[in-house]
Protein chains: 2
Amino acid sequence: MNQPKKLNTPSVAPIKCSQCPIRHRAVCARCDDDELEILESMKSYKTYAAGDVILWRGEPLEFVASVVTGVATLSKTMEDGRTQMVGLLLPSDFIGRPGREQIEFDVTATVDVTLCCFDRPRFESLVCETPHIAQRLMELALDELDAARDWMLLLGRKTAREKIATFIEMLARRSSHGQDGSKDVIDLHMTRDQIANYLGLTLETVSRQFSALKKDGVIDFSDRKHFTVEDIAALQDETGDDADGGVVY
Amino acid sequence: MNQPKKLNTPSVAPIKCSQCPIRHRAVCARCDDDELEILESMKSYKTYAAGDVILWRGEPLEFVASVVTGVATLSKTMEDGRTQMVGLLLPSDFIGRPGREQIEFDVTATVDVTLCCFDRPRFESLVCETPHIAQRLMELALDELDAARDWMLLLGRKTAREKIATFIEMLARRSSHGQDGSKDVIDLHMTRDQIANYLGLTLETVSRQFSALKKDGVIDFSDRKHFTVEDIAALQDETGDDADGGVVY
DNA sequence: ATGATTCTTTGATCTGTATCAAGGCAAAAA
DNA sequence: TTTTTGCCTTGATACAGATCAAAGAATCAT
């Protein structure tokens with residue numbers, strides 16, 4: 001076992017949960033000071049430029065991490081180049097699979113990304129000894145699974161218009177910092193081509209659907225990467241989802 | 001807490017792991033006799049006829065279970081009736097989400113199904129106290145997640161022919177009881193319509209692709225629900241996946 | 001058995017999205 | 001500033017798979 005001993009740093013103020021980036025997804029909401037200090041001791045930050053590949057499929061996983069800033073994508077590619085994104089990592093999302101040595105997809109930064117990384121072996125020994133963290137990681141895995149299944153419905157059955165509406169609605173919900181958030185300027189972060197790969201479309205279709213939604217007054221673009229939702233009700237109608245929600249993403 | 005005490009049944013032979021259906025996915029491979037006996041005490045069998053809905057979306061989960069015989073599907077349905085299957089449960093697969101009160105999809109028996117059910121609250125207290133079971137459930141969740149992501153690539157980017165080939169290849173792999181297994185008669189278990197809902201196609205397209213693969217000598221149908229793989233190499237070529245595999249399902 | 005029902009196959013046609021192609025715009029480089 | 005470069009938009013056309021339609025098997029009920 002190589003989990004760190006409690007460090008002797010009395011002059012340093014106790015580490016606050018707010019300083020523990022993994023808390024972004026509440027992993028350590030229930031951590032005590034000792035556990036937080038252990039996390040702190042194995043923590044380091046890594047940054048990646050837009051376009052950098054963070055992890056290649058099959059590469060050994062040396063760390064687990066949470067996204068502090070930026071956006072990264074999980075994607076699978078076929079021999080002939082067809083690509084499908086299988087996940088989107090926004091700030092507070094977690095990278096890593098408890099007990100897995102490697103991942104089955106590429107992780108790529110779409111804009112500059114900062115990760116808060118934890119040494120994997122040390123993180124895993126902490127997890128082994130801390131059931132509430134293990135439990136939280138299980139919740140994260142099940143959330144991802146629910147999101148993946150919602151996306152399967154989108155990929156298999158939704159029209160291009162519904163796909164785009166769903167995507168925009170998800171971005172609006174996930175990036176709204178306000179309580180209402182309906183008129184925030186939202187950053188797309190991705191190119192039309194990347195969005196197409198996420199939605200199982202081509203970049204031309206993405207562009208056309210954006211134009212159509214703009215023409216219909218549902219959204220408005222300030223520039224190519226920034227838009228506002230002008231009619232949230234219409235947007236939700238277009239997604240094809242039940243009004244009541246229950247969708248995770 | 002309401003986990004059962006160890007039962008006093010000395011006249012009964014020790015419960016073998018082979019009698020514990022959940023072991024189908026090796027959940028209790030590392031269980032000791034006490035744990036097995038606890039599992040045994042909370043176990044019951046339920047059967048469902050073909051077409052029965054086992055669980056409705058949103059319904060409270062009263063048990064977790066593993067499939068003993070039969071095939072069940074996980075599916076999501078849109079308001080207008082469009083349906084997408086998001087998972088397929090074959091014998092040995094597990095139903096249930098540690099820590100979740102309900103599920104986000106319907107579970108339906110496509111043929112007669114027997115489940116081995118465990119009372120959920122009692123199962124969860126056992127899990128809480130048995131880290132190696134918790135760890136195994138995490139592995140199962142991550143396996144499902146990998147499978148879901150492979151299916152996203154299929155739904156988003158594969159052609160109808162590739163989808164059908166992938167589906168057949170998966171069935172061949174999962175239902176081969178022999179070591180080689182390439183010429184076993186494989187049971188389809190599902191109607192063309194259900195297959196279509198699994199692959200994001202229509203039933204007519206499924207039928208046409210089956211006919212085409214038969215005409216090309218890749219597979220052969222003995223009747224509508226039973227086929228053999230005549231040319232496994234050709235089948236794998238048609239899936240669009242890397243030759244090396246790495247696919248989970 | 002026999003008729004009813006449900007599933008499957010196959011054909012004809014339609015359509016949503018992909019593909020091909022050509023400019024347009026904005027940020028970066030010269 | 002001008003040029004280059006990388007995205008993006010829009011139009012024209014093609015095509016894979018959906019939809020519509022009808023006839024054939026298989027299964028079920030009586």
Side-chain angles (χ1 to χ4, degrees), chain A residues 49-51 71 78 80-84 110-112 154-168 187-216 219-227 238 240, chain B residues 49-51 71 73 78 80-84 108 110-112 154-168 187-216 219-227 238 240:
Chain A
V71 177
M78 296 171 69
D80 62 3
R82 279 176 284 172
T83 295
Q84 177 63 53
T110 62
V111 295
D112 293 355
L154 176 144
L155 292 171
R157 290 298 182 212
K158 288 192 178 180
T159 65
R161 175 124 174 167
E162 288 169 336
K163 287 176 175 181
I164 293 287
T166 305
F167 175 69
I168 290 176
D187 194 329
L188 219 42
H189 290 302
M190 303 157 82
T191 65
R192 301 291 184 267
D193 189 48
Q194 290 169 328
I195 295 166
N197 284 334
Y198 195 28
L199 299 174
L201 298 169
T202 59
L203 68 94
E204 294 94 334
T205 298
V206 170
S207 179
R208 279 184 243 272
Q209 295 298 335
F210 276 153
S211 301
L213 284 173
K214 179 178 177 178
K215 184 166 72 62
D216 296 348
I219 56 174
D220 195 37
F221 279 87
S222 45
D223 65 61
R224 295 200 260 191
K225 288 275 175 68
H226 298 269
F227 67 93
E238 300 276 6
Chain B
V71 177
T73 61
M78 296 170 70
D80 62 3
R82 279 176 286 173
T83 295
Q84 177 63 53
T108 312
T110 62
V111 295
D112 293 354
L154 175 143
L155 292 172
R157 291 297 182 213
K158 288 192 178 179
T159 64
R161 175 123 175 168
E162 288 170 336
K163 287 176 175 181
I164 293 287
T166 304
F167 175 70
I168 290 175
D187 194 330
L188 218 42
H189 291 301
M190 304 158 80
T191 65
R192 301 290 183 268
D193 189 48
Q194 290 170 326
I195 295 166
N197 285 333
Y198 195 28
L199 299 174
L201 297 169
T202 59
L203 68 93
E204 294 93 334
T205 299
V206 171
S207 180
R208 278 184 243 273
Q209 295 299 333
F210 276 153
S211 300
L213 284 174
K214 179 177 176 179
K215 185 165 70 64
D216 296 348
I219 56 175
D220 195 38
F221 279 88
S222 44
D223 64 61
R224 295 201 263 192
K225 288 275 175 67
H226 298 270
F227 66 94
E238 300 277 7

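Proteins come first, then strands; the chains are lettered A, B, ... in the order of their sequence lines, and each starts at number 1. From a predicted model like this one, the values you see are computed outputs, not experimental measurements.
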Separation of C/dA18 P from A/Arg82 CZ (nearest whole Å)
13 Å
Salt bridge (charged side-chain N to carboxylate O under 4.0 Å, His left out) partners of A/Asp216, counting only residues at least two apart
A/Arg161
Base versus backbone protein contacts along nucleotides 5-14 of chain C [heavy-atom cut-off under 4.0 Å; B, S, -]
--BSBBBB--
Which residues share a side-chain contact (heavy atoms from CB on, under 4.5 Å) with B/Glu204, sequence neighbours left out:
B/Thr202, B/Arg208
Listed partners of A/Asp223 passing salt bridge (charged side-chain N to carboxylate O under 4.0 Å, His left out), at least two apart
none
Apply side chain to side chain contact (heavy atoms under 4.5 Å, CB included) to residues A/Phe167 and A/Met190 and explain how you reach the verdict.
CA-CA 12 Å; A/Phe167 175 69; A/Met190 303 157 82; 3.9 Å; yes
Non-neighbouring partners of B/Thr108 that pass side chain to side chain donor-acceptor pair (under 3.5 Å), sequence neighbours left out
none
What's the angle between the local helix axes at either end of the helix from C/dA1-D/dT30 to C/dA30-D/dT1, using five pairs per end and rounding to 10 degrees?
40°
CD of A/Gln209 versus P of C/dT17: gap in Å, rounded?
7 Å
Using a 4.0 Å cut-off to any heavy atom of chain A, which nucleotides of DNA chain D are the first and last in contact, reading 5' to 3'?
D/dG6 to D/dA12
By the 4.0 Å heavy-atom rule, please label B/Gly51 as base, sugar-phosphate, or nothing.
nothing
Apply side chain to side chain donor-acceptor pair (under 3.5 Å) to B/Thr83 and list each qualifying residue two or more places apart in sequence or on a separate chain.
B/Thr77
Suppose we screen for salt bridge (charged side-chain N to carboxylate O under 4.0 Å, His left out). Which residues come up paired with B/Arg192, at least two apart in sequence or across chains?
none
Parallel, tilted or perpendicular, as decided by the 30° and 60° cut-offs, for the rings of A/Phe227 and A/Phe221
tilted
